[in-house]
Amino acid sequence: AQAESKELTVSAAISLKNAFEEIGRLYQAEQGVKVIFNVGASGDLLRQIAGGAPADVFASAAQKDMDEADRQGLIVSATRTDMAVNSVVLIVPAGAKTSVKSFGGLSAAAVKRIAIGNPKTVPAGRYAEEVFNYYRLLPAIRDKLVFAENVRQVLDYVSRGEVDAGVVYATDAAARPEEAKIAATAPEVSHKPVIYPIAVVKGTKNETPARAFIAFVMSPEGQKILHKYGFRTGK
Amino acid sequence: MGLQVRLKKKLNGFSLDSDWETGNELTVLFGFSGAGKSMTLQLIAGLLEPDEGRVVLEGTVYYDSATGVDVPPQSRPFGYVFQDLALFPHMTVIGNIIYGAPAVPKHDKMDRARDMVRSFKLAGLEDRYPHEISGGQRQRVAFARALIRQPRALLLDEPFSALDHPLRLGMRQFLRELRTDFNIPVVLVTHDLSEALMLADTMIVYSHGRIMQKGAPDAVMNNPVNDEVKLLVGSSAPEL
Amino acid sequence: MGLQVRLKKKLNGFSLDSDWETGNELTVLFGFSGAGKSMTLQLIAGLLEPDEGRVVLEGTVYYDSATGVDVPPQSRPFGYVFQDLALFPHMTVIGNIIYGAPAVPKHDKMDRARDMVRSFKLAGLEDRYPHEISGGQRQRVAFARALIRQPRALLLDEPFSALDHPLRLGMRQFLRELRTDFNIPVVLVTHDLSEALMLADTMIVYSHGRIMQKGAPDAVMNNPVNDEVKLLVGSSAPEL
Amino acid sequence: MDESVFFSIRLSLQVAAVATALIVLTGLPVAYMLARKDFRGREVLDVICTIPLVLPPTVTGYYLIILFGRNGFIGKYLYALTGWSIMFTWYAAVLASYVVALPLLIKIARAAMESVDRSLVNASYTLGHSELSTALRVILPLAKRGIVAGTVLSFARAMGEFGATLMLAGNLPGKTDTMPLAIYSLAGSGEWSQAHGMVLLLTLLSGIFLYIANRYSRRII
Amino acid sequence: MDESVFFSIRLSLQVAAVATALIVLTGLPVAYMLARKDFRGREVLDVICTIPLVLPPTVTGYYLIILFGRNGFIGKYLYALTGWSIMFTWYAAVLASYVVALPLLIKIARAAMESVDRSLVNASYTLGHSELSTALRVILPLAKRGIVAGTVLSFARAMGEFGATLMLAGNLPGKTDTMPLAIYSLAGSGEWSQAHGMVLLLTLLSGIFLYIANRYSRRII
Ligand SMILES: Nc1ncnc2c1ncn2[C@@H]1O[C@H](COP(=O)(O)OP(=O)(O)OP(=O)(O)O)[C@@H](O)[C@H]1O
Ligand SMILES: Nc1ncnc2c1ncn2[C@@H]1O[C@H](COP(=O)(O)OP(=O)(O)OP(=O)(O)O)[C@@H](O)[C@H]1O
Ligand SMILES: [Mg+2]
Ligand SMILES: [Mg+2]
């Protein structure tokens, strides 16, 4: 860890924060390059990069934003890799009286409010909609839906008992087990896979360490950490 | 009955100590600039709290440091014309005058205000704002505003200083009539000796916060108690 | 040379039309309340723009509607004592006085200010704020503030109205000395006839925005041109 | 114009207007107290009134949920008594805007009221006017420029309130999606041309409102 | 205390202080113009100055990127000339706070300056003081309460600025993560107890600052 005082800036979806920070520490120890994480909503990160933000790596929570980055020529297409998969889960408040046990249970009259991400802006919201469609629930529950501006807000609503249920990622649910419990996990067929892509930002001066970072994330070591935080990895 | 005043107040090196009473007559406070005349009026009106003393009007105690009575200024029935007028800049002439009569019934207000406008020769200026009238006109508005609610005593701090001679004579006449009509105590601060001589029943001469002399105006004129008073009242005729 | 003034101004129903000149002497503007005296001074100082006219001091044109000259008030060398004083409430007595001398070199300022404090009998009040001094004291501060920069002409709007008699005499004396020392035009507005008689070289009588009469004070006194002027100057002796 | 856009406009104006009215009604007495009463803890109260300005609105929103949510400290009693919760209603948007914009009015009105000439207040008292009458007819009108500025800023802030509203009122299309929420949705989903349009609309609308407020307040002084 | 928390505190104070200083320096002249000059488009300028208050900060942030980003309308020339871009630097946080908090000072200072007694300004002129000298020594001090209130509000707003900062400055630990951003990161990753601690800290710190500002400004009037 000498000579190179280089810093690598990784713009990452906020749901990756904890896992990436651990990966970053290891990477730094091994490669001697300091990693700084710029966490936020994937869409905002994309807009920053489009505006010329000096990010080296972009890790998105959805293919859509990465596709858009690709389309605008903001990333080095060849470096784009799918690094992790998340699951979509239904959560309910830990001490909930209404016993929702499955997605189907959402149509029960006792369930008054269901929080999901805003499908327009939040990928998790789009997945939730797909799951509802899969179960043909949407017409029955449309009036119960509350749109949150990010997954974390859904989690807040559920853990404070302001809504009766919510749809989030498995990794989010894992962050607050005392307050929100998982009632059901959506089957893989019910929605498009929740894939987290990663790529090197075009024009970066740190392309070599950037590629190395991606490689490190994809290495067994990196994948193990992602797995530890609730992501599914491998094929 | 009248007005009894006993006041002590120390402020920033200046100390006021005065004690006098007056019936339903006109008392002129006369004295050097900075002698404590305006402060006396402020203490009577309740805008400044005395360190010690007593203010009684018509048997009603408005302030008494001994018993702890301290009626707030808004409940003291004095009509007060301030030396610096303090007209409300956001109200017209007529607005200022009407504002002086909060307790007067609505339908009376306008009549009285019109009377005031006539008495104080303010006709035509009703809808002007204070900054749109002359200094003497402003002074008359302040007087009218203080008078309209028919106060039970008048405190006048140099109310005629900015008036021309004929107007001043008219106002003095008006004040004399007022006194006979209303029969209330009037306290008038003035630096004009001829005014004092013409109007005062009693003249109280202030110097450095103390009362030097008190008496009928010609008594004071003819027998000043000391050189200070002599200096103050000594030269009433125009000198060249 | 002196001061030449020709001014026309219509404002809200009031119309001023005056035309006079004066040498390096003292001119008293005398007249009814609301006659246009203060407005004349404001027009001279450039605080109000005339509809038409000309202001010339010592040969320098400060305003001329014909040629479009209009020097802003901050560049006109008048010392102006306002009828309502306009002391700066956030400055002390000495601060107000010093503020009047922006162009005076630093080391001179303090000396001059101390002179002013002495001349105007304000010793001991230097660090008070305007609301902490008496009406007459405020008036003297305003005068001192206008004088400290040694203006090339003085505009005084009833500068002695709140002073006691001895002080007023002293101030008149001071003003006379000032005039001989500085040799500048002084325009004094007053309602006090004895003051006018004592001080004026020329007396200009205003009524309703017009000049009624102009001349030496005793000439005006003894030969008033009409009843109005007679009324105004008619009763100089104290009457009872 | 799209009906949902129209709804957002109406809702935004309604929320901002109601919040501003409440702010003026409750903020002026507080500002008056701060300006003219000498009580223990006055400056502390002032600081507390200013704090919502410092917190990121989302955080404010979170705390509002803790207070007023169905299971919140206050909200739970309300819910137990009435079966009603403010969450996800347009009242919540009003509450959020209120809390976030109130400091503006209070601080500005206080400063303006403190600048009113003491001698005019005294004059009013000696004319027999009560403290209330003096406050309403002398202090308030003379502090008007400040109060108008404070009201305008509060209204603008309420119009633009976003973070706390989002938390408390949710984003229920056709129920609680004020213009800022709608703009955020559009921008966040990359529908930039519509987002720009909406921003332009919000800007214009607020601009017109502010312009009228400026003009009007100038005339009545 | 955690070193990164310490960094956030220092950065927040630094950003808010610099932004507030710039706001006062540039805002006062604008407020003065608005208050005392009669020019075409005066009220329009006033409205424009208020607009950033109406927009959701994130949207303001988008627009700032469009203007000042490396590929932005202004930013691209800057980048071409100097090879430097403001994005992801702490200067960007200053810029964001500046834009978002500036309206507060301008509006409040304008109202305060307009309330200054015309006759005192005239008095200053007749004493030979230039317009600048009069502005600095008469108008400014007499409008002080309003200016202080505006400055305090701007500082508070700058301390709490989040949305626009996030867009323009990013959220880089040890570089641009002001306290509000740090709170966002903590809350976003579920570290609530730390987030609450940070909020408490931000509240306390701002409270102390505001308290001192209140006290101090009261004393020097
Ligand atoms: N707030 C204050 N703090 C300190 N001293 C004050 C204060 N108010 C007045 N004084 C002083 O008290 C004295 C009396 O003031 P007051 O206004 O009563 O005088 P006055 O007799 O009315 O004089 P004038 O005829 O000049 O109006 C003055 O010397 C003045 O300097
Ligand atoms: N801004 C204004 N708008 C309309 N009328 C005004 C304005 N200012 C003054 N006036 C009127 O002009 C006339 C002259 O006013 P000015 O102040 O010059 O009188 P003055 O001679 O100084 O009187 P005084 O002796 O009472 O001070 C008055 O009748 C007044 O009502
Ligand atoms: Mg006095
Ligand atoms: Mg006058």
Side-chain angles (χ1 to χ4, degrees), chain C residues 38-39 41-49 55 62 70-92 95-104 109 113 116 129-131 138 141-157, chain E residues 24 27-29 31-40 42 105 108-152 213-221:
Chain C
S38 298
M39 196 183 274
L41 299 194
Q42 282 175 48
L43 289 163
I44 296 175
L47 296 180
L48 211 60
E49 206 192 328
V55 175
Y62 290 100
D70 185 7
V71 177
Q74 50 269 46
S75 308
R76 300 192 187 191
F78 297 99
Y80 191 167
V81 178
F82 296 88
Q83 192 169 12
D84 59 0
L85 307 184
L87 294 183
F88 300 114
H90 60 299
M91 298 181 194
T92 58
N96 266 282
I97 294 174
I98 288 176
Y99 191 80
V104 174
K109 255 185 214 189
M116 287 294 149
Y129 286 88
H131 70 273
R138 277 201 283 272
V141 175
F143 203 150
R145 184 182 69 174
L147 205 63
I148 188 172
R149 67 164 168 152
Q150 302 178 338
R152 303 239 305 282
L154 271 177
L155 309 173
L156 310 174
D157 205 343
Chain E
V24 170
L28 286 184
Y32 179 84
M33 295 258 298
L34 288 171
R36 307 201 66 88
K37 299 280 167 193
D38 212 355
F39 55 92
R40 263 170 66 94
R42 176 167 68 159
L105 183 90
I108 305 169
R110 177 187 178 175
M113 287 180 184
E114 277 177 341
S115 298
V116 171
D117 191 346
R118 178 86 224 163
S119 71
L120 295 178
V121 177
N122 280 342
S124 175
Y125 288 156
T126 62
L127 293 168
H129 281 267
S130 65
E131 184 172 353
L132 180 65
S133 168
T134 301
L136 293 177
R137 298 184 56 191
V138 174
I139 297 174
L140 233 57
L142 289 174
K144 195 161 75 181
R145 281 177 209 272
I147 292 171
V148 168
T151 308
V152 164
N214 276 350
R215 292 295 296 246
Y216 180 68
S217 69
R218 218 138 296 276
R219 203 169 327 137
I220 57 173
I221 274 167

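Quick caveat: nothing in here was measured; it's all calculated off a predicted structure.
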Checklist entry - Between C:Leu47 and E:Ser119, is any pair of side-chain heavy atoms under 4.5 Å apart? => result no
Next on the checklist: As a quick check of understanding, evaluate side-chain contact (heavy atoms from CB on, under 4.5 Å) for C:Phe82 and E:Thr126, giving each step before the final call.
Outcome noted: CA-CA 10 Å; C:Phe82 296 88; E:Thr126 62; 3.8 Å; yes
Checklist entry - If every non-hydrogen atom of C:Arg149 is compared with every non-hydrogen atom of E:Gly128, which pair is closest and at what distance? => result NH1-CA, 3.7 Å
Checklist outcome for this item: For E:Arg137 and C:Met91 the tightest heavy-atom approach is O-CE, 3.7 Å
Checklist entry - Between atom OH of C:Tyr99 and atom OG1 of E:Thr134, what is the distance when rounded to the nearest 0.5 Å? => result 4.5 Å
Checklist entry - Side chain, backbone, both or neither: which part of C:Ile148 has a non-hydrogen atom closer than 4.5 Å to chain E? => result neither
Checklist outcome for this item: Scanning both residues in full, the closest heavy-atom pair of E:His129 with C:Gln74 reads O-CB, 3.1 Å
Checklist entry - Nearest 0.5 Å, what's the CG-CG distance between C:Asp84 and E:Leu120? => result 8.5 Å
Item to check | From CG (E:Leu127) to CZ (C:Arg145), nearest 0.5 Å | outcome: 5.0 Å
